Enquirer: 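One structure is given below, represented as structure tokens, and several questions about it will come after.
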Amino acid sequence: MPELPEAETARRHLEAAVTGAKIRRVEVHIPRSARAHESPKELAALVEGKKIARVGRRGKAVLLFLDGKQPATLVIRLGMSGHLRIAKKGEPREKHLAGVLELAGGREIRYVDPRTFGQMVARVGHDPDTMPEFESYGPEPLSKEFTADYLKSVLGHRSVGLQVALMNQAIVAGIGKIYADEICFRAGIRPTRKVSTLTGPMRQRLVEATRGVLRQAIRLGGTTTGDESWPYGRFQDKLFVYQRAGEACRVCKTTIRRTAMPGGRGMHWCPGCQR
DNA sequence: AGTTGGACCTGACTGC
DNA sequence: TGCAGTCAGGTCCAAC
């Protein structure tokens, strides 16, 4: 499921392959994937005929910065099964092909999204901070703004558990279930711990664990899980707790537990390593 | 305001 | 073998 490291891997892939390319035409095959727009035509009108000046990222979203008469940005939110690939025009269509960006020269960027939780949104301008998608977003976890002091200011008065807080995009952008579990493990803190009770050293460990886990995952191309929608990753071999309930902790041999979190979803953690 | 839970969606998996 | 039921989770929205 694409979180920050998977979005960053996709960003780097696209940056190398399509920077400078012109988008001739946009096709929307799953209308729901353009649901932020009145119609797919509105999306196409903002994108067609423009050049990909740069490929960026904000949280879990990939951003295509487009130059033309009216500069614009195509925001691609991958949802939980979204996947971007470069194809040659005429290659067989994927089963859940949601959208196609046809490039000058016979290639195309294909956006495939079986569960259709993701979407493509075109916005005017190049500044993510002006776009409704990112209005409430917190800092990038790999930026200088993400510090122990910042965490103190934003978590001090909250009663939610740590894993829920890490997945809140308004607190920090780009973290989902896999990395929230792994960050809590590496920081040595239980995912259920109420964030208002975190100590100063714990907040410092969280900042370091977040950076360490995300950087390593980016280096390894993200995480590939069972549903093969993300074929690039090697971080799955480095997981300590995510989807390892019932198995022995790789550090202390304690059995990894799965505990239901609000919403009925599970969090994975090691009773031996996490306090 | 912060928190919780349901809804959206499809493929993979489980159990009969 | 096949079919129904359950789970997975990013994000939004309604309700407490």
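Sequence lines set the chain letters: A, B, ... in the order given, protein chains first and strands last, and positions in each chain run from 1. Quick caveat, the model's predicted, so the values are computed rather than measured.
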Enquirer: Is A:Arg32 close enough to B:dT10 that one of its side-chain N or O atoms is under 4.0 Å from OP1 or OP2 there?
Expert: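 Indeed not, no polar side-chain atom of A:Arg32 lies that close.
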Enquirer: Can you tell which of B:dG2, B:dC9, C:dT11 lies closest to the side chain of A:His157?
Expert: B:dG2
Enquirer: Between A:Lys60 (NZ) and C:dG9 (P), how many Å, whole number?
Expert: 11 Å
Enquirer: Can you find a heavy atom in the side chain of A:Val241 that is under 4.5 Å from one in the side chain of A:Glu182?
Expert: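 A:Val241 reaches A:Glu182 side chain to side chain.
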Enquirer: Taking atom C1' of B:dG2 as reference, at what distance in whole Å does atom CG of A:Asn168 sit?
Expert: 10 Å
Enquirer: What is the nucleic acid contact for A:Lys95, judged by heavy atoms within less than 4.0 Å: base, sugar-phosphate only, or nothing?
Expert: sugar-phosphate
Enquirer: Got a donor-acceptor contact below 3.5 angstrom from the A:Arg11 side chain to the A:Glu15 backbone?
Expert: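 Judged by distance alone, no pair lies under 3.5 Å.
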Enquirer: Is there a side-chain contact between A:Arg250 and A:Arg244 in this structure, where contact means two heavy atoms from C-beta onward sitting under 4.5 Å apart?
Expert: yes
Enquirer: State whether A:Arg158 places a side-chain N or O below 4.0 Å from either non-bridging phosphate oxygen (OP1 or OP2) of B:dT3.
Expert: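 Yes, A:Arg158 has a side-chain N/O under 4.0 Å of OP1/OP2 on B:dT3.
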Enquirer: Starting at atom CG of A:Leu97, determine the distance to atom C1' of B:dT10, rounded to an integer number of angstrom.
Expert: 16 Å
Enquirer: Angle between the end axes of the helix from B:dG2-C:dC16 to B:dC16-C:dG2, five pairs per end, to the nearest 10 degrees?
Expert: 50°
Enquirer: Ignoring backbone atoms, establish whether A:Ser159 has a side-chain N or O less than 4.0 Å from OP1 or OP2 of B:dG2.
Expert: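 So the side-chain polar atoms of A:Ser159 never come under 4.0 Å of the phosphate oxygens OP1 or OP2 of B:dG2.
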Enquirer: Which nucleotide sits closest to the side chain of A:Arg77: B:dG2, C:dT11, B:dC9?
Expert: C:dT11
Enquirer: Determine whether A:Glu91 and A:Arg85 make a side-chain contact, defined as any pair of heavy atoms from C-beta on separated by less than 4.5 Å.
Expert: yes
Enquirer: With respect to the phosphate group of C:dA8, does any side-chain polar atom (N or O) of A:Tyr242 fall under 4.0 Å of OP1 or OP2?
Expert: no
Enquirer: Is any side-chain heavy atom of A:Glu208 less than 4.5 Å from a side-chain heavy atom of A:Arg186?
Expert: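 No, their side chains stay 4.5 Å or more apart.
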Enquirer: Quick test of the criterion, 5.5 Å between centres and less than 30° between planes. Is A:Phe117 stacked on B:dC8 or not?
Expert: yes
Enquirer: I'd like to check A:Leu97 versus A:Glu27 (side-chain heavy atoms, cut-off strictly below 4.5 Å). Are they in contact?
Expert: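 In short, these two side chains do not touch, never coming nearer than 4.5 Å.
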Enquirer: Would you say a side-chain N or O of A:Arg115 is under 4.0 Å from OP1 or OP2 of B:dA7?
Expert: no
Enquirer: A:His29 has an atom NE2; how far is it from atom P of B:dC9, in whole Å?
Expert: 20 Å
Enquirer: Would you mind reading off the distance between A:Met167 atom CE and B:dG5 atom C1', rounded to a whole angstrom?
Expert: 14 Å
Enquirer: Answer whether the closest heavy-atom distance between the side chains of A:Tyr179 and A:Pro5 falls below 4.5 Å.
Expert: yes
Enquirer: Would you say A:His96 places a side-chain N or O within less than 4.0 Å of OP1 or OP2 belonging to B:dG11?
Expert: yes
Enquirer: Could you give the CD-to-P distance, from A:Glu135 to C:dT11, as a whole number of Å?
Expert: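 Rounded to the whole Å, the gap is 15 Å.
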Enquirer: Once you round it to whole Å, what is the distance between P of B:dA1 and CD1 of A:Ile171?
Expert: 16 Å
Enquirer: Are the side chains of A:Thr73 and A:Leu46 in touch, meaning some heavy atoms are under 4.5 Å apart?
Expert: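 Not touching, per the 4.5 Å side-chain cut-off.
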Enquirer: Measure the distance from CG on A:Asp113 to C1' on B:dC8 and round it to the nearest whole Å.
Expert: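 One finds 12 Å between C1' of B:dC8 and CG of A:Asp113, rounded.
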